[in-house]
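For reference, the structure discussed in these notes is given below.
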Amino acid sequence: MAIIETEAALHEAHRDNHTHRDVNGGWLRPAVFGAMDGLVSNLALMTGVAGGSVAHQTIVITGLAGLAAGAFSMAAGEYTSVASQRELVQAELDIERRELRKHPKDEERELAALYVSRGVEPALAREVARQLSADPEQALEIHAREELGIDPGDLPSPAVAAVSSFGSFALGALLPVAPYLLGASALWPAVLLALLGLFACGAVVAQVTARSWWFSGLRQLALGGAAAGVTYALGSLFGTAVG
């Protein structure tokens, strides 16, 4: 009796604590890539222009233009990409829906064979497939998951992806510009703030991955710093050549 109660308690605790993070919501990837891209691209753009020894007003205008252009470009790209993906999935679902309507028994046998291939006894697999196939919409959902690897009820939203990408890119791209908007006339405060932002973004991303926060933060810091250094050197080279 004590063993049964202990196992029940463990099962209850496991059920209460066994949760997973949302990895299919459609917002994480564009938000992460948007913030990183905004920081790196605008920092590199501004340092490249600054390397040409231009006035700080020119750097500010360049940064703001890069922010606006990049944010709209990211949003449009994400919307088009996710919308196209949804349309492709919907087309495949329509094909599967027609097959279920025209050849229900063949689809039922196909589902049973899939369960058998996964170790279910043939008789049980046929019964499970029969019961699942009784509801056409449920059957479509099962076939979509098993054959296409998708959940028809949890497709990413183009609007969510676009808004997430736009907002995160704009926020990331704003960091290198902010010191100039607050009165700075030198490049180093913008670079410092942007590099700190890159480290912070990397550390935050590590909270939803298996990487440690310091590794992820340092990786983003190194990549962003390298991009800024290269573009500054190119700006200096081109500025000297043009001048």
Side-chain angles (χ1 to χ4, degrees), residues 18-42 65-115 117-118 128-174 198 201-202 204-211 216 219-220 223:
H18 190 73
T19 59
H20 294 282
R21 290 164 291 196
D22 179 15
V23 295
N24 294 316
W27 64 269
L28 180 60
R29 184 183 62 86
V32 170
F33 276 100
M36 296 299 181
D37 195 17
L39 269 167
V40 175
S41 63
N42 221 28
L67 185 157
F72 282 110
S73 176
M74 286 286 291
E78 282 294 336
Y79 186 92
T80 302
S81 174
V82 175
S84 299
Q85 181 184 2
R86 281 183 64 98
E87 290 164 2
L88 175 61
V89 170
Q90 292 295 345
E92 293 299 317
L93 289 176
D94 288 341
I95 293 174
E96 191 64 35
R97 188 178 286 108
R98 286 196 298 271
E99 289 299 312
L100 285 168
R101 185 172 60 252
K102 293 179 180 179
H103 310 289
K105 290 301 181 182
D106 290 340
E107 292 296 313
E108 182 180 322
R109 283 192 290 269
E110 181 180 325
L111 190 60
L114 188 146
Y115 289 140
S117 69
R118 295 186 176 180
V128 170
R130 185 190 67 78
Q131 293 187 28
L132 291 176
S133 300
D135 182 353
E137 286 304 313
Q138 178 175 255
L140 175 63
E141 182 177 335
I142 296 296
H143 279 273
R145 286 178 175 173
E146 298 292 349
E147 297 178 24
L148 304 177
I150 60 173
D151 183 352
D154 191 28
L155 299 179
S157 166
V160 170
V163 171
S164 299
S165 182
F166 182 93
S168 59
F169 185 99
L171 182 61
L174 181 62
L198 282 169
C201 283
V204 169
V205 169
Q207 300 304 308
V208 292
T209 66
R211 290 290 187 181
S216 183
R219 178 175 58 184
Q220 296 303 327
L223 292 174

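Just so you know, residue 1 is the first one in the sequence shown, and it goes up from there.
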Going by the rule side-chain hydrogen bond (donor to acceptor under 3.5 Å, both in side chains), which residues pair with Arg219 if we only count those two or more places apart in sequence or in a different chain? none
Do Val89 and Leu148 touch side chain to side chain, with heavy atoms closer than 4.5 Å? no
Of all heavy-atom pairs linking Ala71 and Phe166, the shortest is O-CD1, 3.4 Å
Hey, does the side chain of Ser165 reach the backbone of Ala161 with a donor-acceptor pair shorter than 3.5 angstrom? no
Nearest 0.5 Å, please: how far is CD1 in Ile95 from CD in Gln90? 12.0 Å
Compare every heavy atom of Val82 with every heavy atom of Ser157, then report the nearest pair and how far apart it is. C-CG1, 3.8 Å
Using side-chain heavy atoms (C-beta onward) and a distance below 4.5 Å, is His103 in contact with Glu108? no
Heavy-atom count check: over 12 atoms from other residues, nucleotides or ligands less than 6.0 Å from Tyr79 OH? no
Can you name the closest pair of heavy atoms from Gly34 and Ser168 and give their distance? CA-OG, 3.5 Å
So, for Met36 and Gln220, which heavy atoms are closest and what is the spacing to 0.1 Å? SD-OE1, 3.5 Å
Measure the spacing between OG of Ser73 and CZ of Phe169 and express it to the nearest 0.5 Å. 7.5 Å
Calculate, to the nearest 0.5 Å, the distance between atoms CD and CD1 belonging to Glu96 and Ile142 respectively. 11.5 Å
Which pair of heavy atoms, one from Ser133 and one from Leu111, lies closest together, and at what distance? OG-CD2, 4.4 Å
Heavy-atom closest contact (Asp151 atom, Leu155 atom, distance): O-CD2, 3.6 Å
For Arg109, which residues count as a salt bridge (Lys or Arg N to Asp or Glu O under 4.0 Å) partner, sequence neighbours excluded? Asp106
The side-chain hydrogen bond (donor to acceptor under 3.5 Å, both in side chains) partners of Arg118 (sequence neighbours excluded) come to Glu146
Would you give the length of the straight line joining atom CZ of Arg145 to atom CG of Asp154, rounded to the nearest 0.5 angstrom? 9.0 Å
For His143, which of Leu100, Leu93, Leu114 qualifies under side-chain contact (heavy atoms from CB on, under 4.5 Å)? Leu100
